[in-house]
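Structure, as structure tokens:
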Amino acid sequence: MSEFDDFEDGEIDETTKGWGVDKDKLEDVAISVQNLSITYRTSFDSAPTLKSTIARLGRRNKLVKTVEAIKDISFAIPHGTVLGVVGHNGAGKSTLLRAISGIMPPSSGQIEVHGEVSALLSLAAGFNSALSAPENVLLAGLASGMTRDEVLGQLDEIIAFAEIEEFRDMPVKTYSSGMAARLAFSAAVHMKPDILLIDEALSAGDARFKVKAQKKMRELMDSARTMVVVSHGANTIRDLCNDAIWLDHGKLMMHSDADTVVKSYLDFMKVERKASAATDDF
Amino acid sequence: MSETVSNSTEPIVRVHRPFKAGLPNIPEYFKEMWQRRELAYELARAQLRAQQSTTLFGQLWLVLNPLIMAGIYYTLVIILSSKNGGQSSDHGPEFVAHMLAGMFVYHMITGAMSLGSASVVGLGKLIANRSFPRLLLPFSATLVSIKRFLPTLIIYVIYHLAFQQPIGVNQLLAIPALLLIFIFTFGLACLLATLQVYFRDMRSFLPFISRIGMYISPILWYADDLPKSLGAMVTANPLFGLLSVWSESLSQNRVPEMSLWVSASIWSFSMFFAGILIFLSREREFSVRI
């Protein structure tokens, strides 16, 4: 019997005790996820057309698939926590972040978020390539619920941190991917969120900017901001996070300190790889 | 849908709950939409800037484009009617006033159809990253079309005065007529924005729909000229009543028939509520469909 048999059917590991589904036991709760399930329907085609839809109807092919991205998970974290989220591709990590930020409403259960949220869920961060950096930052800020004055007050700092002063008034389509990623990261961290959600975005820019980005992250941690970081990088999770959850096929496998979760996840992955190799031998 | 609880000392608390009957909490949604209205205005401003519509030549083009179209169609009408034995007096200054009034507002509607259909798919990255009421996107597209329409109204007024077209108190009825057209246009923009998410080739059908829509609407002909045998077109074409009440009150200083007002109102509010309802019922899936 493997050590991972305990995780069947999304049971929460013993180490989860004390981290709490019961948010009342937590002082100063930042995020409380209660029996969250998320199911959505999406198309088989990345860009479905009326023509392809009609053609498929004739062949009685399926047009949509139902995705159970999150399956009845519960956890809560206090303010000041830096929560890492690990799991393989399709585990539900990005969907969880979308749900916390309010982009994807739950199918059942609920999420309580105590504080303003800023999300960096993709490196493009919602930029319109025809507009300049200030115009894009203003739109992103307004979409996040900030006022025009609040965004404009942060604008110079955002541009300076992203190191794109020279290209400030040029359309974003003229930027390199690194410049756009730096701007996205800078905009997300300078919007003074209580809770910052970051999905695979710590690779923004070159090696020098990565150091700068990590320094900024630590500043935010020191000022007791809550962060949720999705990353495939075990070292990133270990270095930045003091708490972590592991998702597998939408189920919560473990919620504990970052080291324990990363170790268990990596061990699980090794077991899976061995099992996969053994299957391949047949 | 998210519910927000806040007081001055405690941090804001958002509770994300499942939609009921596929719809968000409507009062909360529209409250949040009102709070984020500046986003819609800024999106509209950004779009106008990107289209150079705020520059002198950009503004000039906004006026020239429908004027050139009106010139082309006027020529076509004259040629076709002369072949059918029509009198040139049938197409004097009052007909041109009717045609301009109809064509300018129709240009606004088709502009909103085009911008509205692209409003959600075109801002997919913003949708994937930020939580805000998506209805602001077709609303912003409608705002852009209205802003682009306003300069053409000035041209219409100049023409109306220069060619001594009738002026009177009945022209005030053009204001509620225009409001009905705006309401209809916003609903249509919502509907097309949703359809474009599900069928990405929807926009390629729009030019055909626009062209047919113009021919079957009272723009190149008067509503009164419609043969009785084609009466079904009155009820089947949403724009028949809307454009008739607009043109008759504005260009002819007439009080449009009550039946036209009823048709215009029913189509306007039906499209408004149907467009919003369909949009809201599908909004949850936008972030994973784009």
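Because only heavy atoms are used, hydrogens play no part in the values below, and waters and symmetry mates are left out as well, while side chains stay in. Below, chain A is the first sequence line, B the second, and so on; all start at residue 1. Everything numeric here is computed off the predicted structure, so don't read it as measured data.
- Between chain B and the residues Gly145(A), Ala99(A), Ser108(A), Ala130(A), the largest count of heavy-atom pairs under 4.5 Å involves Gly145(A).
- By the 4.5 Å heavy-atom criterion applied to side chains, Arg130(B) and Ile103(A) are not counted as neighbours.
- The candidate with the highest count of non-hydrogen atom pairs below 4.5 Å against chain B, out of Thr147(A), Leu97(A), Val113(A), is Val113(A).
- Counting heavy atoms from C-beta on, the side chains of Thr49(A) and Phe199(B) never come closer than 4.5 Å.
- The side-chain heavy atoms of Tyr198(B) and Leu50(A), taken from C-beta on, include no pair separated by under 4.5 Å.
- Looking at every heavy atom in both residues, Ser131(B) comes nearest to Gly102(A) through OG-O, 3.3 Å.
- Not counting sequence neighbours, the partners of Arg148(A) by the salt bridge (charged side-chain N to carboxylate O under 4.0 Å, His left out) test are Glu38(B), Glu42(B).
- Between Thr42(A) and Arg289(B), the side chains place no donor N or O within less than 3.5 Å of an acceptor N or O (distance only, hydrogens not considered).
- Judged purely by atom type and a 3.5 angstrom limit, Asp201(B) uses its side chain to pair as donor or acceptor with the backbone of Lys51(A).
- Using a 4.5 Å cut-off between heavy atoms, Val121(B) does not touch chain A at all.
- In this structure the side chain of Leu43(B) reaches within 4.5 angstrom of the side chain of Leu139(A), judged on heavy atoms.
- Contact count against chain A (heavy-atom pairs under 4.5 Å) is highest for Arg200(B) among Gln196(B), Arg200(B), Arg134(B).
- Residue contact with chain B, scored on non-hydrogen atoms closer than 4.5 Å, involves the backbone of Thr39(A) exclusively.
- Residues Pro105(A) and His16(B) have side chains not in contact (no heavy-atom distance under 4.5 Å, counting atoms from C-beta outward).
- Only the side chain of Arg282(B) comes within contact range of chain A, judged by heavy atoms closer than 4.5 Å.
- Contact of the Arg14(B) side chain with the Glu112(A) side chain is not registered, since no non-hydrogen atoms from C-beta on lie closer than 4.5 Å.
- The minimum heavy-atom distance linking Ala143(A) with Leu126(B) is given by the pair CB-CD1, 4.3 Å.
- With 3.5 Å as the limit, one finds a donor-acceptor pair spanning the side chains of Ser107(A) and Arg284(B).
- Using a 4.5 Å heavy-atom cutoff, the side chains of Arg98(A) and Val288(B) are in contact.
- Heavy atoms closer than 4.5 Å to chain A are found nowhere in Phe286(B), neither backbone nor side chain.
- Judged by distance alone, with hydrogens and angles left aside, the side-chain atoms of Arg17(B) form no donor-acceptor pair with the main-chain N or O of Pro106(A) at under 3.5 Å.
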